[in-house]
Peer 1: 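Take this structure first; my questions come after.
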Amino acid sequence: EDQVTQSPEALRLQEGESSSLNCSYTVSGLRGLFWYRQDPGKGPEFLFTLYSAGEEKEKERLKATLTKKESFLHITAPKPEDSATYLCAGEDSSYKLIFGSGTRLLVRP
Amino acid sequence: EAGVAQSPRYKIIEKRQSVAFWCNPISGHATLYWYQQILGQGPKLLIQFQNNGVVDDSQLPKDRFSAERLKGVDSTLKIQPAKLEDSAVYLCASSSSTVANYYEQYFGPGTRLTVT
């Protein structure tokens with residue numbers, strides 16, 4: 001069965017304290033690995049798509065990387081406005097997104 | 001560019017009642033998705049439309065849930081009768097994906113349903 005697992009469930013950081021979020025996946029025929037950000041009361045907002053092992057993408061303080069079994073979202077020197085839930089999703093061979101449960105990130109000033 | 005619109009934003013109903021949600025996708029987006037997001041979980045796909053045809057409804061509880069997309073634009077999702085376990089946020093998303101090309105999905109703000 002296709003599955004996406006994210007860890008940790010919740011993460012508290014001090015402003016400026018860098019860290020990484022993990023996404024492990026078992027998705028048959030994986031076409032792509034997606035990262036979304038979700039703020040309270042809002043729908044997910046697209047961040048990155050990764051298609052092949054070794055690929056990296058960056059956006060401001062965020063960098064996403066992909067291996068054959070995992071993806072990492074690295075957050076460098078986070079700010080309070082980076083507080084949100086970060087969702088990882090694997091796209092299967094039928095273009096369906098299979099989401100993990102997310103990591104709730106809180107960055108304290 | 002206007003985003004995905006959903007209404008209502010909040011709905012409280014009693015179990016066994018019926019409810020309907022509406023979604024207006026981004027103009028020109030052929031693909032429309034309905035997701036269910038239970039508190040503390042990621043979104044789960046319920047149904048996917050390509051224009052006004054159903055592509056995937058394998059996870060839609062068809063005994064109580066129904067969805068339609070008339071004229072390939074707006075869509076409605078209905079629950080009848082509702083159960084307590086249907087309490088969740090219902091998200092609508094759209095994309096310009098086709099069979100040949102995949103593009104990212106844009107999500108609406110969701111409808112928070114509480115069944116009492």
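All values reported here derive from a predicted model rather than from experimental measurement. Proteins get letters first, then strands, A, B, ... in listed order; numbering begins at 1 in each.
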Peer 1: Is B:Ile47 linked to B:Leu32 within one hydrophobic cluster, defined over Ile, Leu, Val, Met, Phe, Trp and Tyr using a side-chain heavy-atom separation of less than 4.5 Å?
Peer 2: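 Result: yes, single cluster for both.
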Peer 1: Step through the shown structure and confirm whether more than 12 heavy atoms of other residues, nucleotides or ligands are within 6.0 Å of CG on B:Leu39.
Peer 2: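 No - once you tally the heavy atoms of other residues, nucleotides and ligands closer than 6.0 Å, there are 12 at most.
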Peer 1: Can you confirm whether A:Leu97 sits close enough to B:Tyr33 that some side-chain heavy atom of one is under 4.5 Å from a side-chain heavy atom of the other?
Peer 2: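 SC-SC contact between A:Leu97 and B:Tyr33 ruled out.
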Peer 1: Taking all non-hydrogen atoms of both residues, which atom of B:Arg9 and which atom of A:Gly41 are closest, and how far apart?
Peer 2: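 The pair with the smallest heavy-atom distance is NH2-O, 3.1 Å.
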Peer 1: Should the heavy atoms of other residues, nucleotides or ligands under 6.0 Å from CZ of A:Arg12 be counted, would the total exceed 12?
Peer 2: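 Open.
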Peer 1: Any idea which of A:Ser101, A:Ala89, A:Pro44 has the most non-hydrogen atom pairs under 4.5 angstrom with chain B?
Peer 2: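 Counting heavy-atom pairs under 4.5 Å, the top option is A:Pro44.
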Peer 1: Quick one: which of B:Gln48, B:Lys44, B:Gln37 has the most heavy-atom pairs under 4.5 Å with chain A, could you say?
Peer 2: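 Looking at each option in turn, the highest pair count goes to B:Gln37.
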Peer 1: Are A:Leu47 and A:Leu33 connected into the same hydrophobic cluster when the rule is that any two of I, L, V, M, F, W, Y join if their side-chain heavy atoms are below 4.5 Å apart?
Peer 2: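 Yes; tracing contacts between hydrophobic side chains, which count when under 4.5 Å, links both residues.
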Peer 1: If you count heavy-atom pairs under 4.5 Å with chain B, which of A:Arg104, A:Lys42, A:Gln38, A:Glu45 comes out on top?
Peer 2: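 Winner by heavy-atom pair count: A:Gln38.
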Peer 1: Crowded around A:Lys57 NZ? As in, over 12 foreign heavy atoms under 6.0 Å?
Peer 2: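 Yes - once you tally the heavy atoms of other residues, nucleotides and ligands closer than 6.0 Å, there are more than 12.
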Peer 1: Hey, is CD on A:Gln14 packed in by over 12 heavy atoms from elsewhere, all under 6.0 Å?
Peer 2: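 Correct, the count exceeds 12.
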Peer 1: Work out which heavy atom in A:Phe46 is nearest to a heavy atom in B:Gln105; give both atom names and the distance.
Peer 2: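 A:Phe46 and B:Gln105 have their closest heavy atoms at CB-O, 4.5 Å.
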Peer 1: What is the minimum heavy-atom distance between B:Pro43 and A:Leu87, and which atoms define it?
Peer 2: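 Shortest heavy-atom separation between B:Pro43 and A:Leu87 comes out as CD-CD1, 4.0 Å.
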Peer 1: For A:Gln6, is it the side chain, the backbone, both, or neither that has a heavy atom closer than 4.5 Å to a heavy atom of chain B?
Peer 2: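 Neither part.
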Peer 1: Could you tell me the separation between the OH atom of B:Tyr35 and the CZ atom of A:Phe99, rounded to the nearest 0.5 Å?
Peer 2: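 Taking OH in B:Tyr35 and CZ in A:Phe99, the distance rounds to 5.0 Å.
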Peer 1: If I measure from the heavy atoms of chain A, does B:Ser58 come under 4.5 Å with its side chain, its backbone, both, or neither?
Peer 2: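 Just the side chain, heavy atoms under 4.5 Å.
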Peer 1: Please check if the number of heavy atoms outside A:Leu106 that lie under 6.0 Å from its CG is greater than 12.
Peer 2: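 Counting neighbours around CG of A:Leu106, more than 12 heavy atoms of other residues, nucleotides or ligands fall under 6.0 Å, so yes.
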